[in-house]
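One structure is given here, and the rest of the page talks about it.
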Amino acid sequence: MVFQDESFANLATGMERKFAVIIRFSNGRLKDYRFTAIFKEEAIDEGLNALQLTKKFNYKIMKKDIYIY
């Protein structure tokens, strides 16, 4: 997965397809965060941890649901 200056909302859609999860945002402003990233074989939590290095957000994984807050 390669993302260049993509919104978090678009990135989340790609991650949902790749990992068969549902990503829910508690705050609409988080969807507007922009990221550039390349993910190869990372697990979803590894990818989210990498994204946290550039933007401040938290997440919680509960089975197939991921909550971004």
Can you tell me how far apart CG (Asp5) and CG (Leu11) are? Round to the nearest 0.5 Å.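 Spacing of CG (Asp5) from CG (Leu11) equals 11.5 Å.
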OG1-NZ distance between Thr13 and Lys31, expressed to the nearest 0.5 angstrom: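 The OG1 atom of Thr13 sits 9.0 Å away from the NZ atom of Lys31.
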Would Tyr59 and Asp45 count as having a side-chain donor-acceptor pair, cut-off 3.5 Å?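 No.
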Return yes if some donor-acceptor pair links the side-chain N/O of [X] with the main-chain N/O of [Y] below 3.5 Å, else return no.
| X | Y | answer |
| --- | --- | --- |
| Glu6 | Phe3 | no |
| Glu42 | Lys40 | yes |
| Ser7 | Arg34 | no |

Check whether Ile61 and Met1 end up in the same hydrophobic cluster, where Ile, Leu, Val, Met, Phe, Trp and Tyr are linked by side-chain heavy atoms less than 4.5 Å apart.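 Shared cluster, yes.
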Shortest non-hydrogen separation from [X] to [Y] and the atoms involved:
| X | Y | value |
| --- | --- | --- |
| Leu51 | Ala37 | CD2-CB, 4.3 Å |
| Ile23 | Met15 | CD1-CB, 4.0 Å |
| Leu30 | Phe25 | CB-CD2, 3.8 Å |
| Ala50 | Phe39 | CB-CE2, 4.4 Å |

Please report the C-alpha distance between Lys60 and Ile66 in whole Å, then the side-chain angles of each, then the deciding distance to 0.1 Å, and finally whether the side-chain contact (heavy atoms from CB on, under 4.5 Å) criterion is met. CA-CA 6 Å; Lys60 179 186 253 185; Ile66 299 174; over 6 Å; no
Find out whether Leu48 and Glu46 are in side-chain contact, i.e. whether some heavy atom of one side chain is under 4.5 Å from a heavy atom of the other.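 The answer is no, as the side chains (C-beta and beyond) never meet within the 4.5 Å cut-off.
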Determine whether the aromatic ring centres of residues Phe8 and Phe57 are separated by less than 6.0 angstrom.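 Yes; Phe8 has its ring centre under 6.0 Å from that of Phe57.
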